[in-house]
Colleague: 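First the structure, which I've put down as structure tokens, then a few questions once you've had a look.
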Amino acid sequence: MVKNDSKVSRRSVVASISSGVIGLIIGGILGSQAFPREIKTTETKTETTTIVKSTTLTQVSTVTTTVPVEPTFLTPPPPIPEEQITQTLEYDLVIVGAGTSGLAAAVAAAEEGVSVVLIEREATFSARGGDNTALNSKIHKRLGIYIDPEEVIKKLMEISGYRADERIIRLWAYNSGKVMDWLIDMCEKEGVKAWLIIPDRTDKYTFVIDKWPPSQAPPGWDYRKQTYIEYPTCHRFGDTPTANQGLLLSILEKRALSLGVDIRYETKAVRLERPDNGRVKAVIAQTKDGKYVRFKARRSIILSTGDYGGNRAMVEYFLPEEFAKLPDLRNIFGMPTPTGDGHLMAYWIGAQIEPRPHCAMVHAWHGMGTAPFLMINKYGKRFANEDLISNVLAFPIQCMRIGGIWVLFDSNWPKYTYNLGPGFFRIWKADEVTLKEFQQKIENGQIIEANTIEELAEKMKKVTPELDIEVFKKTVERYNELCKKGVDEDFGKRSDYLFPVDTKPFYANWNPPQAAFLVTMGGLIVNENLQPVDKDGKIIPGLYVTGNLVGRRFGLDYPLVCPGLSHSMAWTTGYIAGKNAAKEKLVVT
Ligand SMILES: Cc1cc2nc3c(=O)[nH]c(=O)nc-3n(C[C@H](O)[C@H](O)[C@H](O)COP(=O)(O)OP(=O)(O)OC[C@H]3O[C@@H](n4cnc5c(N)ncnc54)[C@H](O)[C@@H]3O)c2cc1C
């Protein structure tokens, strides 16, 4: 049995985000002007010099565009001088980055009998969380569960606002089950069990799907009826269904070593070599003692270097403004964070980074806000269908946009939560963990308690002075009226989630705008074989990319329709790139 102590789970980490986390209030005002006929183009040449060009055209709007200075990180650095390269080594495949996708690529390729070196800048592989999605794995088949890939592809394309490259989404959807089976087989050989689960916000109440529909769910619960659908596709590995990606990766590392993969830790790739804009031939890497080594590839190079969350300049340039102001969770918790090395090395030799703004995985733990209770802004007004925003992903985004959210509920809340059914991060029953948290929040003032709505309003105003008490009272009155009617005429919330606020004591939970991002998700433009292309759409020969380096997978938000999608995409693209690269023709280096 392989053992591993890595227990950094997304749940435990996010649950402990403190008030030190930065938030941002976005007040977006879009104005439109009819009939002015001038287009102004503002070119910012440096931070202090601005040149304004004016052009008169027969168009009906005024547009002011700012062309930012090209950031310095995009300029290729000089090559490493030949005399500083102390050693040259040759392999069929050179893989950079021993995270989820790099280890998958290494094992998948080595199984084809090719020689592989896997270089990693840290002292060990990177493992986080533990949720791994897959469509129609062998566990699904055993339980008689079928998830229609076409339905999921359609959903992911819609959620991305059609920014995703459907070829990549299809590649994932139709291969994730096969790749999951490959992982399950590998783990079972090591005595490690695979679980199909519905993730809960605490590992304690994670829902193990041992029969379908799950017997612990409230009567009539059906995941298909959720406003934000979450498919039952999440797999975990271990003695118990606790998030433990480290265990899974240690099995891959062991398998890679047994297949003869040369794993070199504390070796950081710094340049790709692509003579005369032809085939990418080698990776130059720096070892712990500062020496440079040239790793030549007889067949291909795979970049699996992850994201760029640790590179603030890239974060600020590529992420949407409200995400870029957030901290990277890994920095807060002292975990190693990739710095976009793969993105940049590939860009410098002609690959294209997908257009801005990029997606980021943004999470925040918003306590009672994960249940679809009445929610209002700081002025006292309802602003959205609370079921939609109660998703862990949408909540922080909405919260940042409107500058904080009040969540309102009454003494019947334990009864209401029970009807919700399980969901990612969702409070869905008044379990002992939730009740304890609730009590703690009352004690430390994060949840305000009162016996009348007036008293509650007075207390809330002390926290958010902008609250208009009369407006607030009308909001609660109107909401209770809609609950009685059973129809949400204002925001269309499903009727079984219309929980009135009419039984004392009443509660209000203030959620300031705070969140963090876990990884950035923008990558390189690739073809359907995971080969990056240049600005003319031509393949860059001798190069593949995987995981978070694969561009055009998402819109702006990382979707949770299949919890653990990011790992699943890393496994699947790693496996496919490994197999593809191993089949590349041998070339004389
Ligand atoms: C706390 C946390 C919890 C998470 N939980 C989940 C979850 O449960 N489910 C899920 O789907 N996703 C989760 N994620 C996201 C997920 O971990 C990543 O999206 C995924 O691991 C990406 O895989 P990857 O192979 O692209 O990159 P990584 O796994 O990040 O691997 C990249 C590797 O490349 C190495 N590297 C970088 N640059 C170089 C260089 N120049 N030379 C050599 N090596 C280099 C890095 O050190 C790293 O080891 C979580 C993220 C965090 C931060």
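Order of listing sets the numbers, starting from 1, for every ligand and every atom in it. Values in this document were obtained by computation on a predicted structure and should not be read as measured data.
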Colleague: Angle between ring planes, His343 versus Tyr308, binned at 30° and 60°: parallel, tilted or perpendicular?
Modeller: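 Because their plane-to-plane angle is over 60°, the rings of His343 and Tyr308 count as perpendicular.
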Colleague: Could you check which of Ser304, Gly97, Gly340 puts a non-hydrogen atom nearest to atom 32 (C) of ligand 1?
Modeller: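 Residue with the shortest heavy-atom distance to the ligand atom: Ser304.
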Colleague: Do Met521 and Arg553 have side-chain heavy atoms sitting under 4.5 Å apart?
Modeller: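 They are in side-chain contact.
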Colleague: Would you check if there is a donor-acceptor pair between the side chains of Tyr91 and Asp262 at a distance under 3.5 Å?
Modeller: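 Per modelled atom types, Asp262 and Tyr91 side chains form a pair under 3.5 Å.
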Colleague: My understanding is that we take every heavy atom of each candidate and find the minimum distance to atom 40 (C) of ligand 1. Doing that for Asp341, Thr124, Leu549, Val545, which one comes out nearest?
Modeller: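 When every heavy atom of Asp341, Thr124, Leu549, Val545 is considered, Asp341 comes closest to atom 40 (C) of ligand 1.
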Colleague: Any nitrogen or oxygen of Asn548, main chain or side chain, under 3.5 Å from a nitrogen or oxygen of ligand 1?
Modeller: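 For ligand 1, there is an N or O atom that lies under 3.5 Å from one belonging to Asn548.
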Colleague: So, Asp131 versus Gln245: side-chain donor-acceptor pair below 3.5 Å or not?
Modeller: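 Checked: Asp131/Gln245 side chains show no N/O donor-acceptor pair below 3.5 Å.
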Colleague: Nearest heavy atom to atom 47 (O) of ligand 1 wins, so pick from Arg121, Glu120, Met361, Met335.
Modeller: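 Looking at heavy atoms only, the winner is Glu120.
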Colleague: Heavy-atom distances under 4.0 Å decide this one: backbone, side chain, both or neither, for Thr100 against ligand 1?
Modeller: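 Within the 4.0 Å criterion, Thr100 contacts ligand 1 through backbone and side-chain atoms alike.
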Colleague: Who passes side chain to side chain donor-acceptor pair (under 3.5 Å) against Asn529, sequence neighbours left out?
Modeller: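 Asn529 satisfies side chain to side chain donor-acceptor pair (under 3.5 Å) with no residue once adjacent residues are dropped.
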Colleague: Could you say whether the N/O atoms of Ser101 and ligand 1 ever approach to under 3.5 Å?
Modeller: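 Yes.
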Colleague: Are any side-chain N or O atoms of Arg312 and backbone N or O atoms of Ala324, one a donor and one an acceptor, separated by less than 3.5 Å?
Modeller: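 Flag set: sc Arg312 to bb Ala324 pair under 3.5 Å.
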Colleague: With heavy-atom distances below 4.0 Å as the criterion, list the atoms of ligand 1 near Gly564.
Modeller: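 Atoms satisfying the 4.0 Å criterion: 9 (N), 10 (C), 11 (O).
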Colleague: If you measure only the distance, is there a donor-acceptor pair under 3.5 Å linking the side chains of Ser304 and Thr546?
Modeller: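 Present: a donor and an acceptor within the cut-off.
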Colleague: Please state whether the rings of Phe73 and Tyr317 are parallel, tilted or perpendicular, taking 30° and 60° as the class boundaries.
Modeller: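 Because their plane-to-plane angle is over 60°, the rings of Phe73 and Tyr317 count as perpendicular.
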Colleague: Please tell me whether Glu151 and Tyr231 have a donor and an acceptor in their side chains that are separated by less than 3.5 angstrom.
Modeller: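 Yes - a donor-acceptor pair under 3.5 Å links their side chains.
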Colleague: I'd like to know whether ligand 1 has Gly130 as a neighbour, heavy-atom separation below 4.0 Å.
Modeller: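 Gly130: in contact with ligand 1 (<4.0 Å).
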Colleague: Considering only heavy atoms of Lys268, which atoms of ligand 1 have at least one such atom less than 4.0 Å away?
Modeller: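 So the answer, numbered in order with elements, is 41 (N), 42 (N).
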Colleague: So which of Thr546, Thr305, Thr267 gets nearest to atom 39 (C) of ligand 1, if we judge by its closest heavy atom?
Modeller: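 Answer by nearest heavy atom: Thr305.
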Colleague: In terms of relative ring orientation, are Trp182 and Tyr575 parallel, tilted or perpendicular, with 30° and 60° separating the classes?
Modeller: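 The arrangement is perpendicular - the two ring planes meet at more than 60°.
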Colleague: For Tyr558, which part has a heavy atom under 4.0 Å from ligand 1: side chain, backbone, both, or neither?
Modeller: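 The answer is the side chain.
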Colleague: Find all atoms of ligand 1 within a distance of less than 4.0 Å from any non-hydrogen atom belonging to Ala570, and give their numbers and elements.
Modeller: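 With Ala570 as reference, the close atoms of ligand 1 come out as 23 (O).
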Colleague: Arg330 heavy atoms, cut-off 4.0 Å: which ligand 1 atoms fall inside?
Modeller: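 What qualifies from ligand 1 is 53 (C).
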Colleague: Check ring pair (Phe, Tyr, Trp, His ring centres under 6.0 Å) between His235 and all other residues, then give those that pass, not counting sequence neighbours.
Modeller: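 Expected list: His140.
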Colleague: With a 3.5 Å cut-off and no angle check, do the side chains of Trp172 and Ser568 form a donor-acceptor pair?
Modeller: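 Indeed, the side chains of Trp172 and Ser568 share at least one donor-acceptor pair under 3.5 Å.
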Colleague: I want to check something: taking the side chain as every heavy atom from C-beta on, are Tyr292 and Arg271 in contact at a cut-off of under 4.5 Å?
Modeller: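 A side-chain contact is absent here, since even the closest heavy-atom pair is not under 4.5 Å.
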Colleague: Return the option from Met569, His567, Met345 holding the heavy atom at the smallest distance from atom 20 (C) of ligand 1.
Modeller: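 It is His567 whose heavy atom sits nearest to atom 20 (C) of ligand 1.
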Colleague: Run the numbers for me: atoms of ligand 1, each under 4.0 Å from some heavy atom of Val96, listed by number.
Modeller: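 Near Val96, the atoms of ligand 1 are 42 (N), 43 (C).
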Colleague: Decide whether an N or O pair under 3.5 Å exists between Ser568 and ligand 1.
Modeller: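 No.
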Colleague: Relative to the heavy atoms of Gly547, which atoms of ligand 1 are at a distance of less than 4.0 Å?
Modeller: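 By the 4.0 Å cutoff, the relevant atoms are 26 (O).
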Colleague: Pick one of side chain, backbone, both or neither for how Ile119 approaches ligand 1, counting any non-hydrogen atom pair under 4.0 Å.
Modeller: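 Answer for Ile119: backbone.
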Colleague: Does ligand 1 come near enough to Ala269 that some N or O of the ligand is less than 3.5 Å from an N or O of the residue?
Modeller: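 Between Ala269 and ligand 1, an N or O pair is found under 3.5 Å apart.
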Colleague: So if I count the atoms of ligand 1 from 1 in the order they appear, which ones are less than 4.0 Å from some heavy atom of Glu122?
Modeller: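 Per the distance check, 47 (O).
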Colleague: Going by the order shown, which atoms of ligand 1 are within less than 4.0 Å of some heavy atom of Asp131?
Modeller: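 Numbered from 1, ligand 1 contributes 7 (C), 8 (O), 9 (N), 10 (C), 11 (O).
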